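Here is how names work: the chains are called A, B, and so on, in the same order as the sequence lines, proteins then strands, and each is numbered from 1. Quick caveat: nothing in here was measured; it's all calculated off a predicted structure.
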Amino acid sequence: MKTLLHRLASARLMIAGFGLLAAATLWSYNVAEPPPGVITAPLALLALNLASAIVLRPALRRGGLGVFHLCLLALLLLAGAGRLLHFDGRVELPVGSELDGSRIEVASIGPLHGEGWRQVGFLQGPFQVDYLPGPRRTHTRSEVWLPGETAARVVGDQLPVVVDGYRFYTTHNKGFAPLLTWKPQGGAPLQGVLHMPSYPGHDWKQENRWTAPDGRTVKFWLRIERPIPQDAAWTLDPHDTPSVLIAEIDGQRQELKPGDTLQLPGASLTYERLTGWMGYKIFYDPTVIPMLVVAVLGVLGLGWHLWGRSLRLLHRADEVAA
Amino acid sequence: MNLQQPPIDYWWLWAGAALVPLAAGLAWRGMAVSTADGRPHPVRRAALLLADLALLAIAFGIALRWARIGHGPFLNMFEILASSVLSLGIAWRLASWKLPVLRAIAPVVLTILAVMSLWLLTVRPLDSVLPPTYGMTVLWFHVLLGKIFLGCAVVGTGIAGVVLARQAAWGQRWFASMPGDATLDALAWRFMLAALVFESLMLIAGAVWAQDAWGRYWAWDPLETWAFVTWLALSAAVHARLVWRLRPHAGALMIIGVFVIAFLTFFGVPFVTLAPHKGAV
């Protein structure tokens with residue numbers, strides 16, 4: 001047992017672990033889908049090596065060096081826990097709609113994460129996006145209303161709203177959402193938004209289709225009546241964007257301005273106004289803050305350990321220089 | 001920017017960059033010639049003076065450019081090279097002010113800076129636009145810690161270069177005034193240990209920045225991957241040096257190996273990606 005521990009704690013194994021991890025990192029970066037465990041295996045080997053060395057060598061448990069190595073071990077364990085508990089996803093929310101789990105697209109989820117992401121909710125408010133000439137996107141300001149709060153929170157690309165530990169960031173992905181009312185003769189009106197492609201990324205393709213409750217398919221094109229400035233700063237605000245919605249149904253095509261109604265046999269379709277939708281990136285990892293604390297503590301420990309040694313050596317070099 | 005009439009800040013940057021190779025040449029010349037009384041030849045002092053003038057010109061150019069375009073030199077290759085020549089030069093000059101013996105590593109350090117300066121002169125100068133994610137305070141810490149890391153590494157590499165040069169007869173003659181190899185080896189590793197601390201802090205600050213800049217603290221983008229490989233190489237080298245009794249020239253080779261990886265990380269990644277970080281712009 002003791003021999004095994006000595007072997008696990010060997011310096012050669014540590015150097016081999018560093019080499020393996022570096023090779024695995026570069027290899028996994030260059031292949032499309034690296035096999036699971038390609039990074040984890042050398043990390044686990046290094047964790048085992050470090051834990052064994054801490055057990056066997058008292059010097060690695062003392063002072064700043066001890067703090068550094070223990071923090072390094074804790075960091076490896078936290079990173080592993082983070083992968084088990086993490087959640088990455090995205091969602092596209094029309095202005096005025098509630099976030100619910102069914103809208104969320106899961107990109108990656110840890111096996112121990114659970115179903116908490118289905119319970120997260122807020123109400124999407126209006127948003128504006130600033131552009132520089134080019135156009136180059138700069139700041140995004142998206143208002144969201146959290147349950148029970150009386151004031152809106154403002155979310156941006158680098159300013160998340162955190163709901164139950166889930167961090168929501170705005171993205172480049174956003175666009176227009178014309179608000180429509182479908183009113184069948186003698187029936188209850190139905191209101192909803194059309195989700196147009198991302199803008200201005202797909203400004204040339206602002207089209208969508210919708211199947212009405214009576215089975216008829218309606219094709220839509222959205223024409224923005226204000227060209228994108230190429231040499232001036234501007235702000236994208238769906239509520240302040242002049243537009244014309246072109247609807248085609250049963251071979252009949254009509255241009256609708258906000259408030260206009262298209263009369264159809266047995267129903268009417270009203271273009272109420274132009275709103276927008278915002279795409280969010282969702283991130284959840286409960287180990288992030290503990291990892292930050294442990295990492296800073298570890299480096300401070302290393303700094304503390306090296307400070308005294310460096311001072312002694314620099315003194316010696318001074319003497320040589322003199 | 002109108003390339004027919006570059007703004008004045010570019011001229012300062014180009015002038016500073018042009019002076020660095022001259023300073024490097026003078027530094028080598030200064031080591032090759034000796035005075036009758038054994039004191040440093042005046043050419044060595046001239047090399048240091050020229051290096052300081054070059055750094056001043058680059059600092060002035062960066063300041064003028066900063067005032068003109070409204071942000072620091074963080075984004076494109078021209079900016080990163082200019083700010084790195086300045087920060088590495090300052091790191092070495094501060095170290096040699098504290099430890100005068102480090103003035104003698106001028107030929108090695110200035111050769112590294114000269115390579116970067118010549119590269120700077122060949123890079124197309126372009127004004128950059130700061131993305132909103134670069135407007136975060138923690139970015140300053142990330143960049144500053146990265147500069148200090150590479151600054152410590154370049155001083156360690158300068159010392160390692162002297163140890164290796166002294167394997168040859170001409171090196172022994174030119175760098176005879178410096179302490180013995182064992183002392184230089186210990187001194188070089190102190191700078192590499194400091195580099196390890198600052199690289200670790202740079203990675204932490206970078207992760208904090210990335211979390212809110214791009215919604216993730218780590219995503220293995222090219223720069224993150226190479227920065228991590230650099231950290232691994234530096235950690236492995238430090239452990240090898242501490243665990244085994246390596247001869248100074250073997251330690252010097254390891255230091256230079258680590259510096260090459262760090263150099264590729266800082267300045268080679270732009271060859272595989274358009275931005276310092278994927279998705280940064």
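Of the N and O atoms on the side chains of T171(A) and N173(A), not one donor lies less than 3.5 Å from an acceptor on the other residue. Y169(A) and D212(B) share a donor-acceptor pair across their side chains, judged by distance under 3.5 Å alone.
Chosen from T25(A), D130(A), L302(A), the residue pairing most often with chain B at heavy-atom distances under 4.5 Å is T25(A).
Using a 4.5 Å cut-off between heavy atoms, W244(B) touches chain A through its side chain atoms alone. Looking at D285(A), the atoms closer than 4.5 Å to chain B (heavy atoms on both sides) all sit in the side chain, from C-beta outward. Residue contact with chain B, scored on non-hydrogen atoms closer than 4.5 Å, is absent for I289(A). Only the side chain of I15(A) comes within contact range of chain B, judged by heavy atoms closer than 4.5 Å. Interface remark: A213(B) contributes backbone atoms only to the contact with chain A (heavy atom separation under 4.5 Å). For a residue to count as touching a neighbouring chain, one of its non-hydrogen atoms must lie under 4.5 Å from one of that chain's; by this rule F198(B) does not touch chain A. For L300(A), no part sits under 4.5 Å from any heavy atom of chain B, backbone or side chain. Heavy-atom distances place the side chain of V243(B), and not its backbone, under 4.5 Å from chain A. For a residue to count as touching a neighbouring chain, one of its non-hydrogen atoms must lie under 4.5 Å from one of that chain's; by this rule W231(B) touches chain A with the side chain only.
Between D157(A) and R137(A) there is a salt bridge, since a side-chain N of the basic residue sits under 4.0 Å from a carboxylate O of the acidic one. Contact check on R65(B) versus D127(B) returns a salt bridge, with a Lys/Arg side-chain nitrogen under 4.0 Å from an Asp/Glu carboxylate oxygen.
Taking 4.5 Å as the limit, some side-chain heavy atom of H239(B) sits within range of a side-chain heavy atom of F18(A). L99(A) has its side chain within reach of F168(A): a pair of non-hydrogen atoms, C-beta onward, lies under 4.5 Å apart.
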Worksheet entry | R153(A)/E143(A) under side chain to side chain contact (heavy atoms under 4.5 Å, CB included): CA gap, chis, key distance, verdict | CA-CA 6 Å; R153(A) 305 259 195 114; E143(A) 291 184 11; over 6 Å; no

